[in-house]
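Everything below concerns the one structure shown next.
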There are 2 protein chains.
Amino acid sequence: MARTTGSDGERTEAAVREAAVNLIARYGYEAMSMRQLASEVGVQAAALYRYFPTKEDLLFTLMREHMQGLREAWERIKPTGADPTQQLAAYLRNHIAFHIERRHATHVSNMELRSLSPDRLTQILRMRTAYEKELRGILRDGAEAGIFNVEDTGLTAMALIQMMTGVIVWFRPGERLSVPEVTATYLSMTMRLVGAKIADSAARPSDAQRTLSHFSFRA
Amino acid sequence: MARTTGSDGERTEAAVREAAVNLIARYGYEAMSMRQLASEVGVQAAALYRYFPTKEDLLFTLMREHMQGLREAWERIKPTGADPTQQLAAYLRNHIAFHIERRHATHVSNMELRSLSPDRLTQILRMRTAYEKELRGILRDGAEAGIFNVEDTGLTAMALIQMMTGVIVWFRPGERLSVPEVTATYLSMTMRLVGAKIADSAARPSDAQRTLSHFSFRA
DNA sequence: GAATTAATTGAACGTTCGTTTTATTATCCT
DNA sequence: AGGATAATAAAACGAACGTTCAATTAATTC
């Protein structure tokens with residue numbers, strides 16, 4: 001046999017990507033075989049090589065597009081001219097929403113870095129660093145404006161990203177908490193962690209600024 | 001050839017464990033071959049099966065002993081009768097110190113869970129849950145005593161653990177920050193995150209309790 | 001110093017891996 | 001309708017995998 005009735009390159013490629021993300025997230029890149037992937041798609045293993053020249057090319061493509069998607073989502077949402085508190089809130093909201101929506105892809109991008117060749121690893125890490133740099137910028141702005149209280153901008157950024165990304169480890173949709181509830185709680189924790197103060201634009205001109213410790217945020 | 005001069009079962013087994021932790025942490029469990037491991041130890045692959053009946057037994061042994069070590073370290077350090085703030089500080093100090101000291105073993109225990117058989121996975125997860133439960137207990141005590149301000153005990157515990165464990169992702173000994181410096185900063189961030197208040201035992205009897213937002217901790 | 005036990009080698013087994021090659025069929029274009 | 005092209009199947013490749021087995025030598029025991 002050869003070409004099957006109704007076969008379509010675009011649809012097959014999309015099916016391969018989706019199946020690959022799920023299989024790699026569940027079993028790991030090394031543990032997933034090309035035959036297993038092909039079987040999931042309903043195709044022979046040789047057919048996969050029409051779309052991805054090697055197994056590693058497939059992995060790299062998935063990772064690169066995930067990281068690009070993350071960057072683009074942030075660029076679209078990023079509030080320009082907002083104060084650091086609002087920027088931080090937007091960053092967190094985008095990060096959590098994006099990662100919960102694409103749990104499996106995030107798992108792949110975070111866990112399978114070691115299966116990339118050195119130069120491809122560098123490419124992915126560069127994208128990740130650029131994304132993290134945005135957060136460091138927000139924290140630095142807030143610290144310099146006296147709105148945040150952070151000892152170490154870089155260290156705080158890493159701590160926050162680990163904390164936010166960690167959501168995908170335990171969060172399961174449809175369980176105890178909804179996405180907005182989780183986001184709201186993480187927002188409160190984040191604002192306390194960075195020692196965010198109320199902007200205090202009007203009223204009480206010289207009183208000691210109060211921290212946001214006991215304020216809640218809408219997700 | 002056969003038995004080599006100076007060969008010793010105990011030393012070989014220890015060498016196998018150490019090499020396995022390093023190789024699995026670097027390349028992943030699936031990607032590490034038994035021949036590669038044997039070569040690292042300076043032995044033939046068949047010799048490994050004298051100490052571990054299967055590759056998965058080796059992985060499980062490494063994980064189980066790592067989790068046991070973590071539990072035991074905490075049981076030894078755990079301050080009895082201390083207030084929640086001190087307990088939380090002790091938990092964090094132990095967690096960070098243990099994980100930085102055994103970065104590779106932690107990587108293995110966190111990343112290779114999917115390579116375990118179902119019942120062994122359950123065993124490891126049970127140990128992890130028991131350890132995390134200690135933190136939830138501390139947070140609950142602090143919340144009930146009005147010392148902490150946490151919206152959701154379970155969620156806060158997960159966020160803190162992700163944040164603390166995340167240190168091993170970026171921390172490299174001998175770089176910009178020392179372990180005590182990192183620990184001190186994480187302690188401050190943690191105390192702010194949980195909205196810890198000063199105990200206020202004497203003085204200023206009914207004034208609004210101040211948060212620890214701007215206090216620093218010694219590591 | 002012989003018998004026993006501990007530690008390891010070297011070769012082999014069957015399986016599975018990623019990948020390539022070739023042939024075959026469906027679809028599209030003119 | 002028929003030639004070009006796209007999409008797949010089927011079979012095969014060599015290499016590598018985890019594991020087993022028998023043989024062999026070092027250390028220990030009596």
Side-chain angles (χ1 to χ4, degrees), chain A residues 1-24 26-63 108 112 114-118 120, chain B residues 1-24 26-63 108 112 114-118 120:
Chain A
M1 273 184 265
R3 179 165 190 171
T4 55
T5 69
S7 61
D8 175 348
E10 277 194 40
R11 277 218 317 275
T12 303
E13 179 171 346
V16 169
R17 285 167 190 257
E18 192 191 328
V21 166
N22 292 333
L23 288 177
I24 296 175
R26 171 138 44 190
Y27 303 108
Y29 169 75
E30 294 280 352
M32 177 199 75
S33 75
M34 295 300 268
R35 287 173 178 83
Q36 184 185 9
L37 172 58
S39 151
E40 194 81 3
V41 178
V43 103
Q44 288 294 318
L48 303 174
Y49 288 83
R50 174 161 245 286
Y51 307 99
F52 303 97
T54 70
K55 193 185 178 187
E56 197 207 313
D57 277 280
L58 169 56
L59 175 64
F60 178 63
T61 301
L62 297 177
M63 286 187 170
V108 172
E112 307 296 349
R114 58 186 161 204
S115 295
L116 292 176
S117 67
R120 284 176 161 171
Chain B
M1 274 185 265
R3 179 164 191 172
T4 54
T5 69
S7 62
D8 175 347
E10 278 193 39
R11 279 217 317 276
T12 303
E13 181 172 345
V16 169
R17 286 166 188 257
E18 192 191 328
V21 166
N22 292 334
L23 287 178
I24 296 175
R26 171 139 42 192
Y27 303 109
Y29 169 75
E30 294 279 353
M32 177 198 75
S33 75
M34 294 300 267
R35 286 173 178 84
Q36 184 186 8
L37 172 58
S39 150
E40 194 82 4
V41 178
V43 101
Q44 288 294 319
L48 303 175
Y49 289 83
R50 178 167 240 289
Y51 306 100
F52 303 96
T54 70
K55 192 186 179 187
E56 197 207 314
D57 277 281
L58 168 57
L59 175 64
F60 178 63
T61 300
L62 297 177
M63 286 186 170
V108 172
E112 307 296 349
R114 58 186 161 204
S115 296
L116 291 177
S117 67
R120 284 177 160 172

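The chains referred to below are lettered A, B, ... by the order of the sequence lines, with proteins before strands, and numbering in each begins at 1.
- The nearest whole Å value for the distance from the CD atom in A:E10 to the P atom in D:dT5 is 19 Å.
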Walk me through it: do A:N22 and A:E18 pass the test side chain to side chain contact (heavy atoms under 4.5 Å, CB included)?
CA-CA 6 Å; A:N22 292 333; A:E18 192 191 328; 4.2 Å; yes
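- The CE-P distance, from A:M34 to C:dT20, rounds to 10 Å in whole Å.
- Considering only side-chain N and O atoms, B:Q44 lies nowhere under 4.0 angstrom from the phosphate OP1 or OP2 of C:dT8.
- The CG-P distance, from A:D57 to C:dT19, rounds to 9 Å in whole Å.
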Evaluate side chain to side chain contact (heavy atoms under 4.5 Å, CB included) for B:M34 paired with B:Y49, printing each intermediate quantity in order.
CA-CA 10 Å; B:M34 294 300 267; B:Y49 289 83; 3.6 Å; yes
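- Comparing A:P53 and A:A31, the nucleotide of DNA chain C nearest to each residue sits closer to the 5' end for A:A31.
- Here the shortest heavy-atom pairing between A:K55 and A:M32 reads NZ-O, 2.7 Å.
- Annotation: of the two residues near DNA chain D, A:A47 and B:A45, the 5′-most nearest-nucleotide partner is A:A47.
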Detail all sub-3.5 Å separations between protein N/O atoms and N/O atoms belonging to nucleotides 27-29 of chain D.
residue, atom, partner, partner atom, Å
D:dA27, OP1, B:G6, N, 2.8

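- Counting to the nearest Å, the P atom of C:dT8 and the CD atom of B:E13 are 11 Å from each other.
- At least one side-chain heavy atom of B:F60 sits less than 4.5 Å from a side-chain heavy atom of B:L116.
- Rounded to whole Å, atom P of D:dT8 lies 10 Å from atom CG of A:L48.
- Taking only side-chain nitrogens and oxygens, A:T12 comes nearer than 4.0 Å to OP1 or OP2 of D:dT8.
- In this structure, the OH atom of A:Y49 is 13 Å from the C1' atom of D:dC13, given to the nearest Å.
- Taking the side-chain hydrogen bond (donor to acceptor under 3.5 Å, both in side chains) definition, one finds that B:T54 meets it with B:D57, sequence neighbours left out.
- Judged as a salt bridge (charged side-chain N to carboxylate O under 4.0 Å, His left out), not a single pair has a partner in residues 26-53 of chain B (not counting sequence neighbours).
- The side chain to side chain contact (heavy atoms under 4.5 Å, CB included) search around A:S39 returns none, not counting sequence neighbours.
- Contacts of B:Y51 with the nucleic acid, taken as non-hydrogen atoms under 4.0 Å apart, involve only primed sugar atoms and P, OP1 or OP2.
- Applying the salt bridge (Lys or Arg N to Asp or Glu O under 4.0 Å) test to A:E56 and every residue at least two apart in sequence or in another chain returns A:R120.
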Pairwise N/O distances under 3.5 Å, protein to nucleotides 11-13 of chain C:
residue, atom, partner, partner atom, Å
C:dA12, N6, B:R35, NH2, 3.4

